[in-house]
Chemist: 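Please see the structure below; I have some questions.
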Amino acid sequence: MNITASKLTSLFQEAFNSTETPLIVRSPGRVNIIGEHTDYNEGFVLPAAIDKAAYIAMSLREDDEIHLMAQDLNERFTIRLNELKPIGDVSWPNYILGAAAQFQHVSATQLKGFNALLTSDVPIGAGLSSSAAVECATVFALNTLLSTDIDRVSMVKMAQKAEHEYAGVLCGIMDQFASMMGKKDHVIQLDCRSLDYTYVPFQLEGIKVVLLNTNVKHSLASSEYNTRRQECNEAVSIIQQHISSVQSLRDVTEAMLNQYVQNDHPLVYQRSLFIVQEIQRLQDACIDLREGNLSALGKKMYATHHGLSTMYDVSCKELDWLIQFVAGREEVIGARMMGGGFGGCTINLVKEDDIDLLLKEIVPAYEAATDLPLSYYIASIENGTEIVQH
Ligand code: GLA
């Protein structure tokens, strides 16, 4: 992002009529190579933090008030600590307030009033986790200013709870984990059951991660997302009646689904079959990645898209259009829709030398087919949440 610490400092000082030098924390958006909707089923994911990020400039106040400013929207919001609760339609304060509220549960610490200025270049509603970026930045900033000394993985969980409690999306742990724990030029192979993780090098010779943004805002996303979670839970409850050791779809095999779910619950079967296959697909894809077999990895990305679109039903016609356009093109190694779904971006692994040509063809073709603009970003993989100025 083209904003310096000194520029942010002066925006902060102007916004809050202050001479203080604020703490500045940067927390990025994320991509996910493969493993979609697997996190809340205790499976695996393969995300990475990117070069688009939210920045929070913050300082503590003497009183019990929270004063917020969203620089990009030129909007302000104020609330007292003892009134802290999710607010109606205005969305952005919820991510900061939800994160702050988590500190009310940290024993031996008292949440204090604070001023915070937010700016971000993570596109909103693009499936790049703009909200997780804000939540992680806020938790990290407060942890620093309140000297609470909370470890990173616990901060990830606090940021996830902020999303549950203040945004009403019962998200898994992937987005916040990637934002907080990202490592430059590496993807994170995360086991969402144990939270064990390994960093897998991701510097593909001559290949770049290209994100194509449908510009369809994922408005259905939160309600449908929660419905998908329920459908997965239903599959687990049905199987548990026969096999009590099953805790999540992580423990389920295709044979169990065929035996206990397929006949009586066709929709639940379809959803959970996708998840069981996707959990396996990610593990196989990690082997491809370690072996440098990119064409095998790419094929799995296309298979993931097919499953998300036809079995899990979280795609939309614009996402499908983009995948159809690139599928079969030699310069696109793999592609699929990314994130929760119903809009947002596709992730494409594209040969670097051919990116310009691809964009030249796909941008006007998409606009002609959908009447929507196509935005694109070439993402680089960066570190997770970090202090920019203290
Ligand atoms: C959203 C959620 C994540 C994850 C993805 C789908 O981004 O926040 O937890 O479930 O959707 O993989």
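Numbering of ligands and ligand atoms starts at 1, following listing order. Note that the structure is predicted; figures quoted are calculated from it, not measured.
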Chemist: Check each of Glu163, Gln160, Glu36, Gln176 against atom 12 (O) of ligand 1 and report the one with the nearest heavy atom.
Modeler: Glu36
Chemist: To which protein heavy atom is atom 5 (C) of ligand 1 closest, and what is the distance rounded to 0.1 Å?
Modeler: Met174 CE, 3.8 Å
Chemist: Using a distance-only test with no angle check, is there a side-chain donor-acceptor pair under 3.5 angstrom linking Asp284 and Gln280?
Modeler: yes
Chemist: Number the atoms of ligand 1 from 1 as they appear, then name those within less than 4.0 Å of a heavy atom of Arg30, with their elements.
Modeler: 7 (O)
Chemist: Do any nitrogen or oxygen atoms of Gly340 lie less than 3.5 angstrom from nitrogen or oxygen atoms of ligand 1?
Modeler: yes
Chemist: State, to 0.1 Å, how close Tyr40 and Cys232 come at their nearest heavy-atom pair, and which atoms those are.
Modeler: CE1-SG, 4.2 Å
Chemist: Is the closest N or O pair between Asp175 and ligand 1 shorter than 3.5 Å?
Modeler: yes
Chemist: Write down the atom of Asp72, the atom of Ser120, and the distance for their closest heavy-atom approach.
Modeler: OD2-N, 2.9 Å
Chemist: Can you find a side-chain donor-acceptor pair between Thr78 and Glu65 that sits under 3.5 Å?
Modeler: no
Chemist: What are the two closest heavy atoms between Ile24 and Ala57, and how far apart are they?
Modeler: CG1-CB, 4.0 Å
Chemist: Is the closest heavy-atom distance from Arg229 to ligand 1 below 4.0 Å?
Modeler: no
Chemist: Between Asp313 and Arg271, is the closest basic N to carboxylate O distance under 4.0 Å?
Modeler: yes
Chemist: I'd like to check whether Asn32 has a polar contact with ligand 1, where a contact means an N/O of the residue lying under 3.5 Å from an N/O of the ligand.
Modeler: no
Chemist: Taking NZ, NE, NH1 and NH2 as the nitrogens, is one of them in Asp288 or Arg281 under 4.0 Å from a carboxylate oxygen of the other?
Modeler: no
Chemist: As an exercise, identify every atom of ligand 1 less than 4.0 angstrom from a heavy atom of Gly172.
Modeler: 9 (O)
Chemist: Would you say the side-chain atoms of Asn94 pair up with the backbone N or O of Ile87, donor to acceptor, closer than 3.5 Å?
Modeler: yes
Chemist: Can you name the atoms of ligand 1, numbered from 1 with element, that are less than 4.0 Å from a heavy atom of His37?
Modeler: 6 (C), 12 (O)
Chemist: So which protein heavy atom does atom 10 (O) of ligand 1 come closest to, and at what separation?
Modeler: Tyr225 OH, 2.5 Å
Chemist: Hey, is ligand 1 close enough to Tyr40 that some N/O pair sits below 3.5 Å?
Modeler: no
Chemist: Of the protein's non-hydrogen atoms, which lies at the shortest distance from atom 9 (O) of ligand 1, and what is that distance?
Modeler: Asp39 OD2, 2.5 Å
Chemist: Would you mind listing which atoms of ligand 1 come within a distance below 4.0 Å of any non-hydrogen atom of Cys171?
Modeler: 2 (C), 8 (O), 9 (O)
Chemist: In terms of side-chain geometry, is the basic nitrogen of Arg193 or Asp251 positioned less than 4.0 Å from the acidic oxygen of its partner?
Modeler: yes
